[in-house]
Student: 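Encoded as C-alpha cells, here's the structure I'll be asking about.
Order of the sequence lines sets the chain letters (A, B, ...), proteins ahead of strands, with each chain counted from 1.
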There are 2 protein chains.
Amino acid sequence: MVTKENAKQPARRGRPRGFDTETALDTGQRLFHASSYDAVGLAALTDALGVKPPSFYKAFGSKAAFFSRVLERYAQSALALDDILQPGRPPAQALAALLESAARTYTQDPEQRGCLVLEAARGQDGDDSATHARRVAEQRRNRIRQFIARTHPECAAAVTDFVTSTMSGLSASAREGMDQTRLMEVARIAIAGLEKQLGSE
Amino acid sequence: MVTKENAKQPARRGRPRGFDTETALDTGQRLFHASSYDAVGLAALTDALGVKPPSFYKAFGSKAAFFSRVLERYAQSALALDDILQPGRPPAQALAALLESAARTYTQDPEQRGCLVLEAARGQDGDDSATHARRVAEQRRNRIRQFIARTHPECAAAVTDFVTSTMSGLSASAREGMDQTRLMEVARIAIAGLEKQLGSE
DNA sequence: CATTTTCTTTAGTGACCATTACAAAATCCT
DNA sequence: AGGATTTTGTAATGGTCACTAAAGAAAATG
C-alpha cells in the first residue's frame, strides 16, 4: 500500500483548493449558530466564505453535508461531557455542573446563543439537517443516561428526561435573550429539583 | 348610526363567501400545530381549506395575518391561565398545576404536540409570525410574573424565568416525541425545584 | 511541451414560495 | 331587468432557494 499517501497531505494532483476547509467550517458554524440552518442561505454562506457555489459543492457535497460536519465539530468542542460526567463523581453534583455549564455556555457569546445542536434538532421532521442534529442529540442523551444509571438505575430515564428537557429550555431561553445571570438562576432552581430526586450528596 | 348593521350579519351585498372563516382558522391551527408555520405552504393550506389562494387572501390578507389570528385563537383556548393562576391560590401549588397542565396538554394529541405559541416563537428574528408569537408569549409571561409577585415579589422574576424556561423545555421535549408519562415526570422534578424556592405550602 | 487532474468562474437551472391580475359568477339594491 | 358589489377560479408573477453545466485556470505527471 504505497499508492495512498497520508490523507492530510495536500500534495495531490490538479489545481489546489483556494480556501481552507477547516476555516470554512468554523465560519459556517458561526453563521449557523448566530441564526439557523434555514436562515443562512447558500448565497450568504458562500459570500461569507469568499467562495463561489461550485467550489463549495466540490468541497462539501451539499449544504446539508456541510452542516453535518459543522455539527460534529460543534458537538466535540462545546460542553465536553467527558470532563463533566466523570465516573465516580456524585451524579447530583455532576448534573448540576452540566446544567450550570449549559447556562454559561449558552449565554457566553451574544452572537452564539443557545445550543447549535438542540436548536437545529427542532427543524422539520423530514429535514436532513434536523435529522442529523437529532442523532447527535440522541448520542449525548445516551451518555448522560448511562452516567446516571451507574448509580441510580431506577430513575436514570426520568432524570435524563429532566436534564435534556431543561437543557432545551435553557437553550430556548438563551435564544430569546435571557442573559447569563438569569439563566444561571433558572439552572439553580432546576438543580434543586434534581437534588431532591437524587439526594444532594 | 343606523347605517352600520351588526358585523356578524352575513347579509351583506355581493357574492357571499363560499367557506366559513372560523372553520378555516380551526383547520389552519391544526395544520400549523402539527408541523410549523414555515412547513405549511400556502398550497397545502388552501388545499386543506378547500379554498383557492385569491379567496384566502380576500378573507385574511396574508398568510402571516391568518397565522396571527390562529395564534390569538389558540392562546385563548389552550392552557387558560385564569383558571390555574387564581389569586389567593398558593403559588407553589398553582405553578405546579401550570407545569402539569402543560405536560398534559403538550402530549394530549400526538398530532398537536408542544405549544403552538412557544414553537412559533422560535422562528427567525425578522419573521412576522415569530414576532407575533413572541408578543403573545410575552403577555402570558407577564401574567405569570404578576401572579407570583403578589406573594413573592423578591423572587418573582427568577421564578417566572424558571417556569417559562421549563415550559419551553416541555414543549420541545413533547415535539421530539416524549410521551405523556415521561413529560409528567419531568414536570414533577421541576416542581420539586419550585417548591424548594417558594416553600411548598 | 502536452496531457491529465482538479478546482474556479460565469451564468444559469428548475423548483417552490407567497402573492396577485383578470375576468367570470353570485348576490343585493333600485 | 340592470347596475353595484363582493367572491370566485384560472393562470400567472416575481423572488428566493439549493444546486449545476460548461469552460477556463492552476497544479502534477509524462
Student: Taking atom C1' of C:dG12 as reference, at what distance in whole Å does atom OH of A:Y57 sit?
Tutor: 14 Å
Student: Expressed in angstrom and rounded to an integer, what is the separation of A:D38 atom CG from D:dT16 atom C1'?
Tutor: 13 Å
Student: Using modelled atom types and a 3.5 Å cut-off, is there a donor and acceptor pairing between side-chain atoms of A:S35 and backbone atoms of A:F32?
Tutor: no
Student: Which heavy atom of A:M167 sits nearest a heavy atom of A:Y106, and at what distance?
Tutor: CE-OH, 3.4 Å
Student: What's the CZ-P distance between A:R17 and C:dT9, to the nearest Å?
Tutor: 13 Å
Student: Can you tell which of D:dA18, D:dT8, C:dT4 lies closest to the side chain of A:R13?
Tutor: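 The nucleotide sitting nearest to the side chain is C:dT4.
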Student: Mind calculating the distance between CZ (B:F66) and C1' (C:dT19) to the nearest angstrom?
Tutor: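 It is 16 Å, rounded to the nearest whole Å.
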Student: Establish, yes or no, whether the cationic atom of A:K63 lies under 6.0 Å from the six-membered ring centre of A:Y37 and within 45° of the ring axis.
Tutor: yes
Student: How long is the line joining CZ of B:F60 and C1' of C:dT19, in whole Å?
Tutor: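 Answer to the nearest Å: 16 Å.
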Student: Looking at the side chain of A:R15, which of C:dA25, D:dA25, C:dT19 is the nearest nucleotide?
Tutor: D:dA25
Student: Nearest-Å distance, CZ (A:F67) to P (D:dC17)?
Tutor: 17 Å
Student: Using the ring pair (Phe, Tyr, Trp, His ring centres under 6.0 Å) rule, collect all pairs that involve residues 153-187 of chain A, keeping only residues at least two apart or in two chains.
Tutor: none
Student: Which parts of residues 42-56 of chain B get close to DNA chain D, meaning a heavy atom less than 4.0 angstrom away?
Tutor: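 Result for residues 42-56 of chain B: B:K52, B:P54, B:S55, sorted by number.
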Student: Using only heavy-atom distances, determine whether the side chains of A:E119 and A:S36 contain a donor-acceptor pair under 3.5 Å.
Tutor: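 Side chains of A:E119 and A:S36: no pair found under 3.5 Å.
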Student: When you get a sec, tell me which of C:dC7, D:dT8, C:dA18 is the closest nucleotide to the side chain of B:K58?
Tutor: D:dT8
Student: Can a donor-acceptor pair be found between the side chains of B:E72 and B:H132 at a distance below 3.5 Å?
Tutor: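 The criterion, which ignores hydrogens and geometry beyond distance, is satisfied for B:H132 and B:E72.
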Student: How do B:G61 and A:F19 order along DNA chain C: which one's closest nucleotide is nearer the 5' end?
Tutor: A:F19
Student: Please indicate whether A:R143 has more than 12 foreign heavy atoms, meaning atoms of other residues, nucleotides or ligands, lying under 6.0 Å from its CZ.
Tutor: yes
Student: Let me know the distance between CG of A:D127 and C1' of D:dC17, rounded to the nearest Å.
Tutor: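 The answer, rounded to whole Å, is 13 Å.
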